[in-house]
2 protein chains.
Amino acid sequence: MSAGAVTIGEAARATGVSAKMIRYYEETGLIAPAARTASGYRLYAEADLHALRFVRRARDLGFSVEDIRALLALWHDRARASAQVRTLALSHVSDLRRRIEALEGMARTLENLAAHCVGDARPDCPILDDLAAGPHADS
Amino acid sequence: MSAGAVTIGEAARATGVSAKMIRYYEETGLIAPAARTASGYRLYAEADLHALRFVRRARDLGFSVEDIRALLALWHDRARASAQVRTLALSHVSDLRRRIEALEGMARTLENLAAHCVGDARPDCPILDDLAAGPHADS
DNA sequence: CTTGACCTTCCCATGATGGGAAGCCCCACA
DNA sequence: TGTGGGGCTTCCCATCATGGGAAGGTCAAG
């Protein structure tokens with residue numbers, strides 16, 4: 001099949017995962033230790049690149065490295081139940097939704113405050129007034 | 001006026017900022033070094049607590065410590081233009097909105113994938129298939 | 001005077017990433 | 001055959017905001 005193994009720089013270019021991160025993933029056991037040349041260079045075969053692309057895609061979807069560890073295990077487990085994958089994905093979605101709500105709350109509050117701030121050369125500013133009032137119950 | 005100064009633990013309780021963080025904020029110059037008792041205990045007067053509550057509120061609204069540094073400066077500057085505060089706040093809002101959009105994209109993608117995954121005992125799983133396909137253009 | 005709760009400083013860890021130094025390796029070209 | 005430049009190796013450090021914990025001093029109540 002294809003030419004065979006490539007070095008870490010080419011693997012990085014081919015997968016969108018930086019060489020730094022490839023080494024880090026190896027060090028933390030997320031991916032298997034790469035094969036090495038006689039002189040110690042890491043070598044990546046097509047299957048390794050495939051795994052790296054998997055990791056990259058999962059990172060793009062916001063999964064933590066720990067989550068990806070689980071996803072990779074499921075990927076490699078041909079006897080997995082798709083329910084497990086689905087559960088993992090949906091629990092990540094609720095996490096995302098929770099974070100989105102938190103950020104939404106902040107954005108809404110700030111937009112409200114900004115809407116009441118004339119924003120001219122005068123010093124009067126409801127935004128600072130709000131901050132100065134300290135921690136709020138919410139919104 | 002009020003009873004005077006309190007120790008760091010009471011300040012933490014009174015402001016919702018942990019003692020650890022209070023020391024950190026002092027170390028990094030976000031807040032002024034606290035007064036000290038003869039034996040070296042930090043002491044916080046009402047004005048200090050006010051500043052800490054300001055910081056806490058700003059953190060709750062997602063401002064970075066660096067942003068808060070600017071906000072505190074504006075707060076203390078009685079000649080400030082409210083426009084400056086407003087600009088800072090709105091730029092933070094766009095940052096929040098950008099992050100929200102990124103998370104939304106992830107959540108939507110995962111929900112789509114999950115919707116196509118039967119999630120039973122069988123191994124077939126569009127979620128893993130997607131991940132295995134590697135980095136995507138988007139959505 | 002003891003006890004327990006508090007304070008001090010100092011160091012370490014997190015998660016995922018990048019920066020950079022020192023030193024080895026490999027290929028192409030002269 | 002020698003050399004230059006680019007790529008590889010490992011190792012250490014920084015980020016950002018936060019917490020944990022150890023070793024040791026302090027304070028107030030009993």
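Below, chains carry the letters A, B, ... as their sequence lines are ordered, and counting in each starts from 1.
Between A:R98 and A:D95, at least one side-chain N (NZ, or NE/NH1/NH2) sits under 4.0 Å from a carboxylate O, which counts as a salt bridge. Salt-bridge check for A:R122 with A:D124: failed, with every basic side-chain N at 4.0 Å or more from each acidic carboxylate O.
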Under 3.5 Å, N/O pairs linking protein and nucleotides 1-6 of chain C:
{"residue": "C:dC6", "atom": "O2", "partner": "B:Y41", "partner atom": "OH", "Å": "3.2"}

N/O to N/O distances under 3.5 Å, protein versus nucleotides 20-23 of chain C:
{"residue": "C:dG20", "atom": "O6", "partner": "A:K20", "partner atom": "NZ", "Å": "2.4"}

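Shown here are the side-chain hydrogen bond (donor to acceptor under 3.5 Å, both in side chains) partners of A:R80, two or more places apart in sequence or in another chain: there are none. Judged as a side-chain hydrogen bond (donor to acceptor under 3.5 Å, both in side chains), and not counting sequence neighbours, A:D67 has no contacts. Qualifying side-chain hydrogen bond (donor to acceptor under 3.5 Å, both in side chains) partners for B:E101, counting only residues two or more places apart in sequence or in other chains: none. Scanning for salt bridge (charged side-chain N to carboxylate O under 4.0 Å, His left out) contacts around A:R23 gives an empty result, with sequence neighbours left out. The ring-ring contact (aromatic ring centres under 6.0 Å, His included) test applied to B:Y44 returns no partner, not counting sequence neighbours. Among residues two or more places apart in sequence or in another chain, the salt bridge (charged side-chain N to carboxylate O under 4.0 Å, His left out) test is passed with B:E104 by A:R97, B:R108.
B:R23 places its CZ atom 11 Å from the C1' atom of C:dC10, with the value rounded to the nearest Å. The separation between B:F63 atom CZ and D:dC16 atom C1' is 17 Å, rounded to whole Å.
With axes fitted over five pairs at each extremity, the angle between the ends of the helix from C:dC1-D:dG30 to C:dA30-D:dT1 is 30° (10° resolution).
Sorted by residue number, the list of members of residues 24-35 of chain B with any non-hydrogen atom under 4.0 Å from DNA chain C is empty.
Listed here is the closest heavy atom pair of A:V55 and A:I31: CG2-CG2, 4.4 Å. The minimum heavy-atom distance between B:L71 and A:L128, with the atom names listed, is O-CD2, 3.9 Å.
For D:dC8, neither phosphate oxygen OP1 nor OP2 lies less than 4.0 angstrom from any side-chain nitrogen or oxygen of A:S39. Close to D:dA17, at under 4.0 Å from its OP1 or OP2, lies no side-chain N or O of B:R56. For B:R42, no side-chain nitrogen or oxygen approaches OP1 or OP2 of D:dT26 to under 4.0 Å.
Within the nucleic acid shown, A:T37 has no heavy atom closer than 4.0 Å to any nucleic acid atom.
For the pair B:H92 (side chain) and B:L88 (backbone), a donor-acceptor distance under 3.5 Å is absent.
Listed by first and then second residue, the side-chain hydrogen bond (donor to acceptor under 3.5 Å, both in side chains) pairs involving residues 30-40 of chain A are A:T37-A:S39 (not counting sequence neighbours).
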Exercise answer: donor-acceptor pairs, residues 12-22 of chain B side-chain atoms, under 3.5 Å, sequence neighbours excluded:
{"residue": "B:T15", "atom": "OG1", "partner": "B:A11", "partner atom": "O", "Å": "2.8"}
{"residue": "B:T15", "atom": "OG1", "partner": "B:V17", "partner atom": "N", "Å": "3.2"}
{"residue": "B:S18", "atom": "OG", "partner": "B:M21", "partner atom": "N", "Å": "3.1"}

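Of the candidate nucleotides C:dG18, D:dG19, D:dT10, D:dG19 has the atom nearest to the side chain of B:M21. Checked against D:dT18, D:dC27, C:dC25, the side chain of B:R59 finds its nearest nucleotide in D:dT18.
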